[in-house]
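Here is the structure we will look at.
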Amino acid sequence: MLSRWMSGSSRSLEREYGCTVRLLDDSEYTCTLQRDAKGQYLFDLLCHHLNLLEKDYFGIRFVDPDKQRHWLEFTKSVVKQMRAQPPFTMCFRVKFYPTDPAALKEEITRYLVFLQIKRDLYHGRLLCKTSDAALLAAYILQAEIGDYDPGKHPEGYSSKFQFFPKHSEKLERKIAEIHKTELSGQTPATSELNFLRKAQTLETYGVDPHPCKDVSGNAAFLAFTPFGFVVLQGNKRIHFIKWNEVAKMKFEGKTFCLYVSQKEEKKIALTYFAPTPEACKHLWKCGIENQAFYKLEKSSQVRTVSSSNLFFKGSRFRYSGRVAKEVMESSAKIKREPPEIHRAGLVPSRSCPSITHGPRLSSVPRTRRRAVHISIMEGLESLRDSAHSTPVRSASHSDAFMSHSRSSRAESSERVAVISDEIYSPADSVLPTPVAEHSLELMLLSRQINGAPCSIEEEKESEANTPTATEADEMGGEFKALCQGVGGNGGTQAAQVNKFVLSVLRLLLVTVGLLFVLLLLLIILTESDLDIAFFRDIRQTPEFEQFHYQYFCPLRRWFACKVRSVLSLLIDT
């Protein structure tokens, strides 16, 4: 009896798995999960812990052992989705950025979105010009330390805060000036609200870039925003496609295709290549979810989407949540006392620190950070905030970038900004903040030349590890081989011909298979003695009897005669 109880208890313990979720303020939530626990169960636990009702904008992200990131699917078992060994580590993040974050119903929701965009700003996913960067940083400063106090905030106090991957002393003075003169009297909630309003106007608001290459082998970054599909190449937004213009998204292997329908009844197909098939599938699933969330009127309109070729099943996926319009309608019905918000304040953060008590970032040794020094000139051309459908114009060509970067190294520190030169990892973006329009293209060019990562020590989220230099070289070689195979017009035409040939072969294969199945069914009907109701009804029809006696029986006799003649010929020889 005791042995049975012990074996039963051991089996129950084996079915429980430890799970740690890192929240947006870098605190951690730990729990245990049963083997069959769904993703929705874990997500509800987190939302209850955070006292969050407007939860449809958020999700849980994790990274598998191959450094490929995923969003946890709420309709599936958590354990079955995790390829790593327990205990599991995940991160709570904003999955769908609100179209208008200032219109969110509750302050707790706005605060969490504020933490996410603050993280985007620090890791370079939110690209903006210098004046906007100074204003956003000043809002963060006001929200965290309150009004300027000469007794508490000595000269250069803003240099102890880290808002961007790199920034200059001139930018620090601008931040402190705005904080002293323009934001006095604002409460943390007001500063956060103003921060969200300003961030929402930027072109890269909500951008979570996926690294890819186009058919010519040029590096590009694909992203899905509340307004549509975006392609960034260099410092240009070369494509912006509204959600109502996106006709279809599909993938096959490493190839991602997006089909666009425009008003002039023109159909455009955009093709890009992801580093791995897993990355391409993740890109496709993110696109399907974002399109359903922002485009549809009701969740009942959501359909299962298949990324398959003719006659083959391929991958099937269905968005399982509510859409943006339903979320807004549900938020308007919330009636409760505003929950208490425990702001992080001056607590140092591991991955997105606000205040650092150590040396200035510019004094970090080069062994820890390789950086590209780029001077920020006066009169930077701003990224156009309202032109969501037009690409950002470039200021100059790449040759000018290289010569300009060499000359800028000798300039004073007030005219220098250091942009972190880290390659894309599952947790971080490659877009620097703040940066001039010409600076981003130079940074991407230098990143292709170096081909090695530069880790940020403060960003130690366990959801992803920065790829090593060897892995980056292997990935670059893989991209190079891929682009050599498909680059240019000749490669594109050859690929189209190959696809056509494959389609024809598949059609022939399926046709032969169907004929074989029909022949097998015919033999069972005519030659077997199976007394099944379905077969019996068919055999009793006049059409089948006529076919059997007038066609099948003579054909069988002819075939048997031929077989006997062949056998006799073989015996005689």
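Because the structure is predicted, anything quoted here is derived from the model rather than measured.
Between Asp132 and Lys198 there is a salt bridge, since at least one side-chain N of the basic residue sits less than 4.0 Å from a carboxylate O of the acidic one. The pair Arg93-Asp120 does not count as a salt bridge, with every side-chain nitrogen at least 4.0 angstrom from each carboxylate oxygen. Using a cutoff of 4.0 Å between basic side-chain nitrogens and carboxylate oxygens, Asp25 and Lys118 are not scored as salt-bridged.
Contact of the Tyr97 side chain with the Gln116 side chain is registered, since non-hydrogen atoms from C-beta on lie closer than 4.5 Å. Side-chain contact between Tyr139 and Glu192 is absent, with no heavy atoms from C-beta onward closer than 4.5 Å. A heavy-atom distance below 4.5 Å is found between the side chains of Arg110 and Leu196.
Rounding to the nearest 0.5 angstrom, the gap separating the NZ atom in Lys325 from the OG atom in Ser330 is 14.5 Å. Atom OG of Ser331 and atom NZ of Lys55 lie 11.5 Å apart (nearest 0.5 Å). Atom CG of Leu112 and atom CG of Leu50 lie 6.0 Å apart (nearest 0.5 Å).
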Verify ring pair (Phe, Tyr, Trp, His ring centres under 6.0 Å) between Tyr57 and Phe96, making sure each step is shown before the conclusion. CA-CA 5 Å; Tyr57 299 105; Phe96 303 110; 8.2 Å; no

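Below 30°, between 30° and 60°, or above 60°: for Phe114 and Phe195 the angle between ring planes is above 60°, a perpendicular geometry. Between Phe224 and Trp243, the ring planes are parallel. Angles under 30° get that label, and only those over 60° would be called perpendicular.
Ala134 approaches Leu171 most closely through the heavy-atom pair CB-CD1, 3.8 Å. Of all non-hydrogen atoms in Pro209 and Arg69, the two that sit nearest each other are O-NH2, 3.4 Å. A pairwise comparison of heavy atoms in Ile288 and Met249 identifies N-CE, 3.8 Å as the closest pair.
In terms of the salt bridge (Lys or Arg N to Asp or Glu O under 4.0 Å) criterion, Lys499 has no residue partners (sequence neighbours excluded). Listed by chain and residue number, Phe92 satisfy the ring pair (Phe, Tyr, Trp, His ring centres under 6.0 Å) test with Phe58 (two or more places apart in sequence, or in another chain).
Tyr272 has its ring centre no less than 6.0 Å from the ring centre of Phe256.
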